[in-house]
Asker: 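The following block contains the structure, expressed as structure tokens.
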Amino acid sequence: MQSMPPALARLPELARDLWWSWNPTARDLFRGLDPIAWQATRHNPIRILNELSPEDLVEAARHQDTMIRYREAVEGLDRAVAGTGTWWAAANPDLAAKRIAFFSAEYGLHNSLPIYAGGLGILAGDIAKEASDLGVPLVAIGFMYSQGYFHQRVNVEGRQEEVYRQIDRERIAVAPALDREGNPVRLQLSLPNRTLHVAGWHVRCGHTQIYLLDTNLEENAPWDRELTGRLYGGDQTTRLLQEIVLGIGGVRLLRAVGETPDAYHGNEGHTALMMLERVREAMAEGMNFDDAVAAVRSTTIFTTHTPVPAGHDSFPFPLVEEHLSLLEGYADTIMDGVRARLMALAAHDESWGHGFNMTVLAIRLARQVNGVSARHGEVSREMWSHLWPDTPPEAVPIQSITNGVHVPTWISGDMDGLFREHLGEDWLARHDDPELWPALDNVPDAALWVTRLRMKRDLLRYIQERARHRWAEDHVDPGQAIAFGALLAPDVFTIGFARRFATYKRAGLIFRDPERLRRILYHARRPVQLVFAGKAHPADEAGKSMLQSVYRAARDPMFAGRIAILEDYDMHAAHWLVQGVDLWLNNPRAPLEACGTSGMKAGINGVPSLSISDGWWAEGHAEGNGWIFGAADPMGSDHAAQDERDAEELYALLENTIVPLYYARDPSGIPTSWLRVVRRSIQTVTPAFSARRMMKEYVSKLYREALGASAPAPPPARF
Ligand SMILES: *Cc1c(COP(=O)(O)O)cnc(C)c1O
């Protein structure tokens with residue numbers, strides 16, 4: 001990186017702490033340095049600084065606005081890192097010196113650090129950021145993938161192509177993790193026939209420190225280097241090895257950097273071996289197995305995300321034994337004396353197939369378990385009730401804390417501006433306070449409408465520039481350019497549908513009656529357009545065919561160019577989409593959506609949801625803030641009947657209610673009734689479905705107890 005003029009000496013430090021990414025002054029600072037590079041680098045300040053010449057920087061330091069922003073940003077960063085004057089400090093004075101470790105296989109922090117695949121990772125990233133804002137003393141553990149998740153291309157036939165790119169560590173905000181002596185961390189794990197070497201990386205995220213594990217080292221065999229290559233690739237052995245690196249390596253990495261957290265939070269079953277490693281540590285210090293389990297249990301929180309049995313990792317017992325027995329410290333503690341009892345900890349109901357189940361292990365080693373929405377809590381209590389044979393399902397001790405989204409990350413710059421003007425400059429500091437939001441009624445309709453229109457215009461510009469790029473660079477055929485959104489129009493009611501292309505999400509539902517859909521889209525006075533985005537898992541052929549049928553519709557003249565696919569859905573595309581469309585459509589097959597967060601991101605930006613009664617919307621929908629459809633009790637296995645009924649409701653809502661409401665205008669052209677829904681959406685969704693509300697709930701319901709503040713734990717799952 002450049003040598004900086006003294007007046008801007010701390011710019012590189014700002015660029016290397018992801019705190020900049022959700023703080024408007026720091027964003028304005030980097031954007032202002034070079035607006036073109038800001039766009040071209042997809043908002044990557046490290047690359048911007050690399051590309052500026054020394055003269056550019058000297059010039060920037062002469063610019064008064066730049067210097068004001070710079071000083072404000074540096075002060076903000078210092079305050080965030082110190083964590084003084086925060087909610088945590090005020091609300092939990094008894095826990096001042098405590099630390100909490102958070103484990104997750106992925107983190108969606110910023111598109112420049114592509115170490116996430118989807119919702120689970122975005123949630124983990126939002127937790128890390130909100131913990132920083134609130135001053136919650138969190139240290140997070142994950143993977144430094146060398147390639148991350150794939151980039152998606154949709155070819156001329158509509159087939160998904162997966163492109164993997166090496167992540168360039170020189171251009172992202174990571175640095176080697178250092179041990180207590182200041183040397184780069186290196187761990188060794190003994191595995192069958194070899195030693196696996198593991199390095200650590202450090203990501204700064206304001207008050208939150210994130211450490212990432214990496215096996216892509218020359219000392220390792222090629223196949224071992226690839227263990228941390230991609231998200232969720234590989235066979236069973238690869239996945240088990242990844243979980244050993246994350247869980248066991250993760251705890252050892254914490255020790256190496258000098259962290260001794262007081263409580264541990266596992267995000268999904270991939271993190272379960274973190275709990276086992278702590279049992280081993282306790283036994284190595286002289287505890288017997290039962291006491292070690294009890295000690296780990298008393299300080300562990302586990303969050304489950306998957307409402308279907310097949311979604312939980314389960315490994316053959318011999319495979320687990322083979323790998324654990326060689327790890328240092330395991331033979332003489334766990335594997336010799338209590339092997340059978342350890343295996344029993346991760347075993348359960350035969351009807352699920354026999355195996356070492358990571359979720360079962362985590363449930364039994366956690367003091368508190370939670371699902372991620374009220375509905376998902378119910379589903380999880382039912383699903384795991386066999387672990388508590390003496391307890392009726394409704395009394396199973398699995399609670400729920402509904403997910404939320406990090407508001408500073410997901411709010412659009414335009415909305416932020418409007419809120420500053422009408423709710424106060426400090427609205428972000430108070431955004432989870434329900435008392436703040438009635439004041440939104442004072443925003444004039446005209447101002448709200450202009451803001452919404454600007455957000456849609458920016459989205460369409462983004463989509464069409466990408467289509468233009470594909471047309472100009474790759475010479476895609478005209479039909480493809482139309483499928484990528486070339487014919488979208490800024491004055492047309494726009495529906496967004498973006499999420500993983502998995503069959504249960506039913507991207508095809510709205511195509512069930514093509515003629516009827518055509519009449520909705522190609523309406524002379526009240527036209528509608530649809531924007532789709534999402535990746536299918538590389539191994540999911542059904543998901544890929546679903547994407548292909550959407551693509552075929554998008555290029556079919558029948559739909560008049562009013563359907564578009566935005567390729568390569570990631571956080572950058574998600575920002576534009578959730579902010580820019582008019583309506584957010586979500587129609588999974590209930591009850592398979594554990595929570596869903598993209599509808600929340602849309603909601604805070606004044607984009608109401610039209611959603612099945614499932615996940616967060618079952619509790620988030622309120623009179624006048626959007627639309628709900630589909631029965632709360634799904635029709636068993638008769639999928640065709642369920643689809644038929646849900647599609648009929650969907651069409652009817654669009655035709656009779658939603659589209660007419662959007663196009664009903666007052667004499668000055670403003671859709672006053674529509675804007676009432678927009679307002680209700682912002683007012684109801686922002687405080688209740690913010691990551692701030694969620695984090696405060698994690699602290700008060702789970703972390704405080706796990707950190708030793710007094711409160712009784714629920715009865716343990718029997719084993
Ligand atoms: C928010 C988000 C998701 C998760 O969305 P769901 O509604 O939970 O499916 C997935 N991918 C990206 C890029 C996101 O921003």
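Atoms within each ligand, like the ligands themselves, are counted from 1 in listed order.
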Asker: Under a 4.5 Å cut-off applied to non-hydrogen side-chain atoms, are Asp214 and Phe143 in contact?
Answerer: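 Not touching, per the 4.5 Å side-chain cut-off.
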Asker: Is Val578 touching ligand 1 with its side chain, its backbone, both, or neither, if touching means heavy atoms under 4.0 Å apart?
Answerer: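 Neither; no heavy atom under 4.0 Å.
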Asker: What about Tyr116: any of its N or O atoms under 3.5 Å from an N or O on ligand 1?
Answerer: no
Asker: Looking at atom 4 (C) of ligand 1, what's its closest protein heavy atom, distance included?
Answerer: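 Looking at atom 4 (C) of ligand 1, the protein heavy atom closest to it is Gly119 CA, 3.5 Å.
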Asker: State whether a side-chain donor-acceptor pair under 3.5 Å links Gln152 with Glu567.
Answerer: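 Short answer, no.
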Asker: With Tyr551 as reference, evaluate Ile565, Asn155, Ile563 under the side-chain contact (heavy atoms from CB on, under 4.5 Å) test and give the passing residue.
Answerer: Ile565
Asker: Counting heavy atoms only, which part of Ala574 comes closer than 4.0 Å to ligand 1: side chain, backbone, both or neither?
Answerer: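 The answer is the side chain.
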Asker: Using a 4.0 Å heavy-atom cut-off, say whether Ile122 meets ligand 1 through its side chain, its backbone, both or neither.
Answerer: side chain
Asker: Let's go through His265 and Tyr703 carefully: what are the C-alpha distance in whole Å and the side-chain angles of both, what is the deciding distance for ring pair (Phe, Tyr, Trp, His ring centres under 6.0 Å) to 0.1 Å, and is it a yes or a no?
Answerer: CA-CA 9 Å; His265 182 177; Tyr703 290 176; 5.5 Å; yes
Asker: Evaluate Asp126 against Lys601 for salt bridge (Lys or Arg N to Asp or Glu O under 4.0 Å), listing each step before the verdict.
Answerer: CA-CA 11 Å; Asp126 280 3; Lys601 299 170 195 166; over 6 Å; no
Asker: Could you please spell out the steps behind the ring pair (Phe, Tyr, Trp, His ring centres under 6.0 Å) verdict for His43 and Trp20?
Answerer: CA-CA 11 Å; His43 308 179; Trp20 73 262; 7.8 Å; no
Asker: Kindly confirm or rule out an N or O of Glu593 lying under 3.5 angstrom from an N or O of ligand 1.
Answerer: no
Asker: With a heavy-atom distance limit of 4.0 Å, tell me whether Trp410 approaches ligand 1 through its side chain, its backbone, both, or neither.
Answerer: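 Within the 4.0 Å criterion, Trp410 contacts ligand 1 through side-chain atoms alone.
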Asker: Decide salt bridge (Lys or Arg N to Asp or Glu O under 4.0 Å) for Lys505 and Glu593; before the verdict, give the C-alpha distance in whole Å, the side-chain angles of both, and the deciding distance to 0.1 Å.
Answerer: CA-CA 8 Å; Lys505 307 251 193 191; Glu593 185 84 323; 3.1 Å; yes
Asker: Give me the residue, atom name and distance of the protein heavy atom closest to atom 8 (O) of ligand 1.
Answerer: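 Protein heavy atom with the smallest distance to atom 8 (O) of ligand 1: Thr597 N, 2.9 Å.
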Asker: Could you identify the single nearest non-hydrogen protein atom to atom 7 (O) of ligand 1 and state the distance to 0.1 Å?
Answerer: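 I find the closest protein heavy atom is Ser598 OG, 2.5 Å.
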Asker: Tell me the nearest of Arg500, Lys505, His305 to atom 9 (O) of ligand 1, using heavy-atom distances.
Answerer: Lys505
Asker: I need the nearest protein heavy-atom contact for atom 1 (C) of ligand 1: residue, atom name and distance, please.
Answerer: Lys601 NZ, 1.4 Å
Asker: Do me a favour and list the nearest non-hydrogen protein atom to atom 11 (N) of ligand 1 with residue, atom name and distance?
Answerer: Tyr569 CE2, 3.5 Å
Asker: So Glu378 and Arg375, salt bridge (Lys or Arg N to Asp or Glu O under 4.0 Å) or not? Walk me through it.
Answerer: CA-CA 5 Å; Glu378 278 167 38; Arg375 182 96 178 81; 3.6 Å; yes
